[in-house]
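For the numbers below, each heavy atom of this structure counts, side chains included, while hydrogens, waters and symmetry mates do not.
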Amino acid sequence: MKIKIAHLSARTLVSTGAFYCGAYVALFGGEPARGETVTNAVPMWDVSVAAGVTVTKGNSDTELFTLTGRADKKWDANEIHLGLDAAYGEDQGEENNESVRAFGQYNLLFTERWYAYARAEGLHDAIADVEYRFTVGPGVGYYFIKNTNTTLSVDGGPAIVFEKEGPEERSYFTVRVGEKFEHKFNDRVRIWEAVEFLPQVDHFENYLINAEAGVESGLSKSWALRFVLQDTYDNRPAPGRKENDLKLVAALAWKLLH
């Protein structure tokens, strides 16, 4: 049975948003005590929501709406990272951008720098003809740099991918390798970048690369301007689709610290 993309997108947006909000309510219900390590020097909860709108009229008629949410918590030997990215765009009345991505990762530090993690991620991208792609798996990681202003970590492990891309519905095992860097120049300005590589175990020519780089400048304690460059490379895209998707987002972010 053929389902219209508009109906699928609405259902996907609602279900993903409900999941993220449910996770937010469940996780933010308490106030754990602060730890004494360098990691816990930051606030217990670091939550931000960023919205961006780009509209052009005249010779070109385009619209792009983006919404990003992040929630991070660190206490004792535990770290939780949650994220949600959504985008919708039109060009001359024709849809040219529609995607929703959500992820969650839990880290358990067993030394000051080594940690084990469990990660789950979901993606819907109507333009790339990815109805859904879920990636779930455990792994281990290491902080090469870990201080108040700068962190650099590398992690990886096995994972399984469930996806429907184009007319094909399948699942396969992959090895996830990720890297993440962040540096705070002061209380208001920071930069970051992250890259992950996911090749199919039994067919390395089928792989995914997700990358992000960003800069944020605070306008006040609660508001900031954020510029983010996101890139997704699918070496085996759906029929008729391109391998690379690049997106530059400028957004106004609101931050809540507990």
Side chain proximity check, [X] to [Y], heavy atoms < 4.5 angstrom:
{"X": "K164", "Y": "Y132", "answer": "yes"}
{"X": "N206", "Y": "Y172", "answer": "yes"}
{"X": "E79", "Y": "L109", "answer": "yes"}
{"X": "N210", "Y": "F197", "answer": "no"}
{"X": "V154", "Y": "F144", "answer": "yes"}
{"X": "E212", "Y": "K247", "answer": "no"}
{"X": "N107", "Y": "K74", "answer": "no"}
{"X": "E243", "Y": "T232", "answer": "no"}

Return the set of residues passing side chain to side chain donor-acceptor pair (under 3.5 Å) with [X] (not counting sequence neighbours), or none when no residue passes.
{"X": "D202", "value": "Q200"}
{"X": "E179", "value": "none"}
{"X": "E165", "value": "R133"}
{"X": "N96", "value": "none"}

Minimal non-hydrogen separation, [X] against [Y], with atom names:
{"X": "A251", "Y": "A50", "result": "CB-CB, 4.0 Å"}
{"X": "R241", "Y": "A126", "result": "NH2-O, 4.2 Å"}
{"X": "G104", "Y": "L82", "result": "CA-CD2, 3.8 Å"}
{"X": "T174", "Y": "L198", "result": "OG1-C, 3.3 Å"}
{"X": "Y117", "Y": "G137", "result": "CE1-O, 3.9 Å"}
{"X": "P239", "Y": "P167", "result": "CD-CD, 4.3 Å"}

By salt bridge (charged side-chain N to carboxylate O under 4.0 Å, His left out) - contacts of E168 (at least two apart):
R170, R236
Would you call [X] and [Y] a salt bridge, taking side-chain N to carboxylate O under 4.0 Å as the test?
{"X": "R176", "Y": "D155", "result": "yes"}
{"X": "E216", "Y": "K184", "result": "no"}
{"X": "D85", "Y": "R70", "result": "yes"}
{"X": "R119", "Y": "E121", "result": "yes"}

Hey, is the main chain of [Y] close enough, under 3.5 Å, to the side chain of [X] for a donor-acceptor pair?
{"X": "K146", "Y": "E112", "answer": "yes"}
{"X": "N235", "Y": "E205", "answer": "yes"}
{"X": "N147", "Y": "N149", "answer": "yes"}

Hphob cluster co-occupancy, [X] + [Y], side-chain heavy atoms under 4.5 angstrom:
{"X": "L219", "Y": "L256", "answer": "yes"}
{"X": "F227", "Y": "V189", "answer": "yes"}
{"X": "F162", "Y": "V130", "answer": "no"}
{"X": "V175", "Y": "V140", "answer": "no"}
{"X": "V228", "Y": "L248", "answer": "no"}

Taking ILVMFWY side chains as joined if any heavy atoms are under 4.5 angstrom apart, and letting links pass through other members, which residues group with I127?
none
Hey, could you give me the [atom1]/[atom2] distance between [X] and [Y], rounded to the nearest 0.5 Å?
{"X": "N97", "Y": "F65", "atom1": "CG", "atom2": "CZ", "result": "11.5 Å"}
{"X": "S217", "Y": "F185", "atom1": "OG", "atom2": "CZ", "result": "11.0 Å"}
{"X": "R113", "Y": "Y143", "atom1": "CZ", "atom2": "OH", "result": "10.5 Å"}

When the ring planes of F181 and H183 are compared, do they come out parallel, tilted or perpendicular, using 30° and 60° as the limits?
parallel
Surrounding CG of N186 (heavy atoms of other residues, nucleotides or ligands, distance under 6.0 Å), is the total greater than 12?
yes
Would you say F173 has more than 12 foreign heavy atoms packed within less than 6.0 Å of its CZ?
no
Applying side-chain contact (heavy atoms from CB on, under 4.5 Å), run through L108 and Y115 and close with a yes or a no.
CA-CA 5 Å; L108 176 62; Y115 61 90; 5.9 Å; no
D231 and N244: side chain donor to acceptor below 3.5 Å:
yes
Verify whether one side chain among Y207 and D234 offers a donor that lies under 3.5 Å from an acceptor in the other.
no
Assess the residue pair S48 and R226 against the criterion (side chain to side chain donor-acceptor pair (under 3.5 Å)); give the C-alpha distance rounded to whole Å, side-chain angles, the decisive distance to 0.1 Å, and a yes or no.
CA-CA 11 Å; S48 66; R226 182 180 297 172; 3.3 Å; yes
Looking at W223, I'd like to know if the NZ or CZ of K221 sits under 6.0 Å from its six-membered ring centre while staying within 45 degrees of the ring's axis.
no
I would like to know whether Y88 and L67 meet side-chain contact (heavy atoms from CB on, under 4.5 Å); could you show each step before the answer?
CA-CA 9 Å; Y88 180 82; L67 178 66; over 6 Å; no
Walk me through whether S153 and Y142 qualify under side-chain contact (heavy atoms from CB on, under 4.5 Å).
CA-CA 6 Å; S153 63; Y142 181 77; over 6 Å; no
For V161 and L208, what are the C-alpha separation, side-chain angles and deciding distance, and is it a side-chain contact (heavy atoms from CB on, under 4.5 Å)?
CA-CA 11 Å; V161 177; L208 300 168; 5.5 Å; no
